[in-house]
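Lettering of chains follows the sequences in order, A, B, ..., and the numbering in each one begins at 1.
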2 protein chains.
Amino acid sequence: MQPGTTEEHCSIAATLGVIGDRWSLLILRDVFRGNHRFSVIQSDLGIAKNLLADRLTQLIDDEILEKVLYCERPARYEYRLTAKGADLSALLIALMKWGDRWHSDGEPPTVLVHRECGTPLELHVACPHCDAPVRPGQIRSLNQATTEEMTTH
Amino acid sequence: MQPGTTEEHCSIAATLGVIGDRWSLLILRDVFRGNHRFSVIQSDLGIAKNLLADRLTQLIDDEILEKVLYCERPARYEYRLTAKGADLSALLIALMKWGDRWHSDGEPPTVLVHRECGTPLELHVACPHCDAPVRPGQIRSLNQATTEEMTTH
DNA sequence: GTGGGTTGGTTTAGTTTTGCTACCTACTCC
DNA sequence: GGAGTAGGTAGCAAAACTAAACCAACCCAC
């Protein structure tokens, strides 16, 4: 689907190859929020049923979701995140935070809080050495083969 | 494009509405890395020229990129990130980190380091109150209207 | 001053992919 | 028999994408 230079050599392209279509991340958002059932996700997103079925099997093939039996008779399954799927939380948070900052008028529609203390969470790019928040302009991108710069100017 | 329940009430859907197509994030990745020119991006991504032109004007309309004159005669422009665009760095880092962890064999193809000290960067979900890293299972999602749960089990 | 090359596109035409609607199935419970 | 859940199938429409040609403004060499 993507030309040769991207998928193999770039983790961003690889990730987009897995969850980069128009529905997967919205489905995953629903599962994160606790909508684990086919019919609930379908009516919440307004997605066509065959499309939802397709995306779900794809996400299961990619080991991002798994089917869990929640009712023996009749056999009913629901969709749960695997460890790999749960690890997408930072990505979903990044999407949400950016939307909050640039595409919401007033209050953000949803707030993520720490389960233990109820404090709204933050997302940081951090340098383990300098122990300070890192701004976009202070990021440098090192390619293993060549040496490319990551600039924000 | 998306059904009613999503775009307005959800920052994730809003963000995906802006940069959720198959090319925008790859284009932005290129610009982050220092590829600011039409022809460079086009040959790097292997994208058709009309598509690239479309996406670039869309990204400019959304104030994620801006056209900057870098040569008077002949008039030549290049594409630079605005503040809004640079603010997508956390999202790109999240995409990259996830790809590194789950879709790379061995060494990650690209490493992001702190410009000042050269240390590889990390991305953290943080609680400003508890001062400790937050795991996916400790995140709770509060909807302003109802009250929904964010679970990872 | 004419020909060739570069940059940054636009136009057109055609193909492929995606998505939607509408209906159908299988199982079970009541 | 009817309702609920979890899908599958078929046919069509629309969007996305590709490829190739073309264009304009300029530069440089000859």
Side-chain angles (χ1 to χ4, degrees), chain A residues 1-7 13 16-31 34-62 65-80, chain B residues 1-7 13 16-31 34-62 64-81:
Chain A
M1 128 204 188
Q2 237 60 252
T5 44
T6 46
E7 290 265 328
L16 289 175
V18 179
I19 45 84
D21 66 297
R22 218 182 332 289
W23 290 109
S24 293
L25 282 170
L26 289 172
I27 294 167
L28 290 169
R29 177 205 67 175
D30 263 40
V31 178
N35 297 343
H36 299 290
R37 307 250 288 268
F38 188 93
S39 57
V40 177
I41 298 171
Q42 198 251 317
S43 71
D44 183 59
L45 292 181
I47 184 179
K49 294 195 286 181
N50 56 345
L51 271 188
L52 178 57
D54 276 6
R55 293 296 176 275
L56 286 172
T57 52
Q58 257 181 51
L59 289 169
I60 288 166
D61 286 351
D62 291 327
L65 294 179
E66 57 188 350
K67 247 178 163 170
V68 177
L69 193 73
Y70 74 91
C71 174
E72 292 250 344
R73 350 212 50 221
R76 293 267 184 273
Y77 297 89
E78 60 182 14
Y79 299 91
R80 294 276 174 176
Chain B
M1 130 210 184
Q2 237 58 254
T5 44
T6 46
E7 290 265 329
L16 290 175
V18 180
I19 46 84
D21 66 297
R22 220 186 326 297
W23 291 109
S24 292
L25 283 170
L26 288 172
I27 294 168
L28 290 169
R29 177 205 65 177
D30 263 41
V31 178
N35 297 343
H36 300 290
R37 308 251 288 269
F38 188 94
S39 56
V40 177
I41 299 171
Q42 197 248 317
S43 71
D44 184 60
L45 293 181
I47 184 177
K49 294 201 284 179
N50 56 348
L51 269 190
L52 178 56
D54 276 5
R55 293 295 176 275
L56 286 172
T57 53
Q58 257 181 52
L59 288 169
I60 288 166
D61 285 352
D62 292 328
I64 290 167
L65 293 179
E66 58 188 349
K67 248 179 164 170
V68 177
L69 194 73
Y70 74 92
C71 174
E72 292 250 341
R73 345 215 53 222
R76 293 266 184 274
Y77 296 89
E78 59 182 16
Y79 299 92
R80 294 275 173 177
L81 293 161

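Listed candidates were D:dG7, C:dG19, C:dC29. Nearest to the side chain of A:R55 is C:dG19. With distances taken from any side-chain atom of B:R22 to the nucleotides D:dC26, C:dG19, D:dC17, the minimum falls on D:dC17. The side chain of A:R37 sits closest to D:dA6 out of C:dG8, D:dA6, C:dT18.
Under a 3.5 Å cut-off, the side chain of A:S24 and the backbone N or O of A:G20 do not form any donor-acceptor pair.
With rounding to whole Å, B:D54 atom CG is found 14 Å from C:dT12 atom P. Rounded to a whole Å, the CG atom of A:L52 is 15 Å from the P atom of C:dT21. Here the P atom of nucleotide C:dG19 and the CD atom of A:Q58 are 10 Å apart, to the nearest Å. Taking atom CG of A:L65 as the reference point, atom P of D:dA6 lies 15 Å away to the nearest angstrom. When the P atom of D:dC17 is taken as reference, atom CD of B:Q42 falls 15 Å away, rounded to whole Å. Spacing between atom OH of A:Y79 and atom P of D:dT5 amounts to 14 Å, rounded to whole angstrom units. The separation between B:I47 atom CD1 and D:dA16 atom C1' is 11 Å, rounded to whole Å. Nucleotide C:dG19 holds its P atom 10 Å from the CD1 atom of A:I27, rounded to whole Å.
Close to C:dT7, at under 4.0 Å from its OP1 or OP2, lies no side-chain N or O of B:Y70. Remark: A:S39 is not in phosphate contact with D:dT5, judged by side-chain N or O atoms under 4.0 Å from OP1 or OP2. In this structure, B:W23 does not reach the D:dA16 phosphate: none of its side-chain N or O atoms is under 4.0 Å from OP1 or OP2. Between B:Y77 and the phosphate of D:dA25, there is no side-chain N or O to OP1/OP2 separation shorter than 4.0 Å. OP1 and OP2 of D:dC23 both lie 4.0 Å or more from every side-chain N or O belonging to B:K49.
B:L51 comes within 4.0 angstrom of a nucleotide base, judged by non-hydrogen atoms across all strands. The residue A:A48 sits close to a base: some heavy atom pair falls under 4.0 Å.
One can find a donor-acceptor pair under 3.5 Å joining the base of D:dT18 and the side-chain atoms of B:N50.
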Practice prompt. Would you check, one step at a time, whether the test side-chain contact (heavy atoms from CB on, under 4.5 Å) holds for A:E78 with A:R80?
Written response: CA-CA 7 Å; A:E78 60 182 14; A:R80 294 276 174 176; 2.8 Å; yes
Item to complete: Decide side-chain contact (heavy atoms from CB on, under 4.5 Å) for B:K49 and B:F38; before the verdict, give the C-alpha distance in whole Å, the side-chain angles of both, and the deciding distance to 0.1 Å.
Response: CA-CA 9 Å; B:K49 294 201 284 179; B:F38 188 94; 4.2 Å; yes
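A 4.5 Å side-chain heavy-atom check between A:R29 and A:I27 finds every atom pair outside the cut-off. A heavy-atom distance below 4.5 Å is not found between the side chains of A:Y79 and A:R37.
Mapping A:F38 and A:R76 onto DNA chain D by nearest heavy atom places A:R76 closer to the 5' end of the strand.
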